[in-house]
Amino acid sequence: MSELLLFLICFVIILIIYEIFVVLPMKRYKKGKRKSKKIKNDPVEIRYLVFKYGLDLDKVNYNKLLRVVSLVSSFDMALVVSIISLIDGYMWQMLLALVLVIPIFLFSYSLVFKYYKKKGMIKNV
């Protein structure tokens, strides 16, 4: 039960921090619609989706995409924290976190890609 509580607390805290420092500034910057084709100022997660999977930002509602990215990233980080909290020893926790972070993020963003592919928001689809 304490693991579930830890997960929920981490998820909410990370989501709030992500909303304050990433989503809100990007919403103000973009003003609801993309003005330019450059993606230099976009969050890393969105750049990853564009370059790896060919997400078409002209078809996507950018504000909804920011919300999806914030939820997925918060879930991933909370999941990693919950899993490493099960292990005793600081060094083992750090090693396990290093091993888990990349596969969990890659898997979760591949699910985001499949969702947007199903919606037809990928280039050349």
Side-chain angles (χ1 to χ4, degrees):
M1 186 65 174
S2 65
E3 291 85 13
L4 182 62
L5 185 62
L6 175 68
F7 174 81
L8 291 174
I9 290 171
C10 286
F11 179 76
V12 170
I13 290 172
I14 294 168
L15 184 63
I16 290 170
I17 291 171
Y18 203 92
E19 290 284 330
I20 291 171
F21 291 108
V22 177
V23 174
L24 289 177
M26 288 308 297
K27 279 186 172 183
R28 288 187 198 126
Y29 178 74
K30 296 298 180 187
K31 301 286 186 192
K33 290 189 177 184
R34 291 186 61 79
K35 303 277 188 211
S36 68
K37 302 281 182 181
K38 297 178 183 177
I39 62 168
K40 287 190 285 189
N41 297 326
D42 290 335
V44 174
E45 296 91 344
I46 292 177
R47 283 190 271 166
Y48 174 75
L49 288 170
V50 169
F51 289 122
K52 172 78 173 169
Y53 298 116
L55 183 68
D56 191 0
L57 292 178
D58 294 329
K59 296 180 183 178
V60 175
N61 182 345
Y62 193 76
N63 292 333
K64 286 184 182 178
L65 179 62
L66 282 172
R67 295 281 179 190
V68 168
V69 165
S70 68
L71 287 171
V72 169
S73 294
S74 300
F75 179 81
D76 291 346
M77 288 184 248
L79 182 65
V80 169
V81 168
S82 298
I83 291 172
I84 66 170
S85 70
L86 299 173
I87 305 297
D88 292 331
Y90 181 73
M91 288 302 291
W92 291 112
Q93 289 177 340
M94 295 307 292
L95 288 173
L96 183 62
L98 287 172
V99 170
L100 288 177
V101 166
I102 293 175
I104 288 175
F105 275 71
L106 292 176
F107 177 73
S108 64
Y109 281 103
S110 70
L111 294 178
V112 172
F113 157 71
K114 288 180 183 180
Y115 170 76
Y116 279 109
K117 183 178 180 183
K118 188 175 180 180
K119 295 284 187 183
M121 305 217 178
I122 304 296
K123 293 177 184 173
N124 298 327
V125 173

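These figures come from a predicted structure and were not determined experimentally.
In this structure, the ring pair (Phe, Tyr, Trp, His ring centres under 6.0 Å) partners of Y48, at least two apart in sequence or on a different chain, are Y53. Judged as a side-chain hydrogen bond (donor to acceptor under 3.5 Å, both in side chains), and not counting sequence neighbours, the contacts of S70 are E19. Residues satisfying the side chain to side chain contact (heavy atoms under 4.5 Å, CB included) criterion with L8, sequence neighbours excluded, are L4. Residues passing the salt bridge (charged side-chain N to carboxylate O under 4.0 Å, His left out) test with E3: none are found, sequence neighbours excluded. Residues passing the side chain to side chain contact (heavy atoms under 4.5 Å, CB included) test with V60 are L55, L65, Y116, M121, sequence neighbours excluded. Partners of F7 under the ring pair (Phe, Tyr, Trp, His ring centres under 6.0 Å) rule, at least two apart in sequence or in another chain, are F75.
The hydrophobic cluster containing L86, built from Ile/Leu/Val/Met/Phe/Trp/Tyr side-chain heavy atoms closer than 4.5 Å, comprises no other residue.
Minimum interatomic distance between D56 and K123 (heavy atoms only, all atoms of both residues): CB-CG, 3.7 Å.
Legend: salt bridge (charged side-chain N to carboxylate O under 4.0 Å, His left out) pairs involving residues 80-106, not counting sequence neighbours: none detected.
Within the model, atoms CD1 of I20 and CG of L15 stand 10.0 Å from one another, a figure rounded to the nearest 0.5 Å. Here the straight-line distance linking atom CG of L24 with atom OH of Y18 works out to 12.0 Å at 0.5 Å rounding. In this structure, N61 CG and R67 CZ are separated by 11.0 Å, a value rounded to the nearest 0.5 Å. Summarising the geometry, atom NZ belonging to K52 is positioned 15.0 Å from atom OH belonging to Y109; distances are rounded to the nearest 0.5 Å.
Cluster membership for L79 and L6, using ILVMFWY side-chain heavy atoms within less than 4.5 angstrom, is not shared. L71 and V44 are members of different hydrophobic clusters when ILVMFWY side chains are connected at heavy-atom separations under 4.5 Å.
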For residues 94-108, dump all side-chain donor-acceptor pairs below 3.5 Å to protein atoms at least two apart in sequence or in another chain.
unit_1	atom_1	unit_2	atom_2	d
S108	OG	D76	OD1	3.4
S108	OG	D76	OD2	2.5
S108	OG	I104	O	3.2
S108	OG	F105	O	3.1

(Q) I'd like to know whether Y62 forms a side-chain contact (heavy atoms from CB on, under 4.5 Å) with L66, so could you lay out the CA-CA distance, the side-chain angles of the two residues, the decisive distance to 0.1 Å, and finally the verdict. (A) CA-CA 6 Å; Y62 193 76; L66 282 172; 3.7 Å; yes

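For the side-chain contact (heavy atoms from CB on, under 4.5 Å) criterion with D42, the lone passing option out of V69, L49, V50, L57 is L57.
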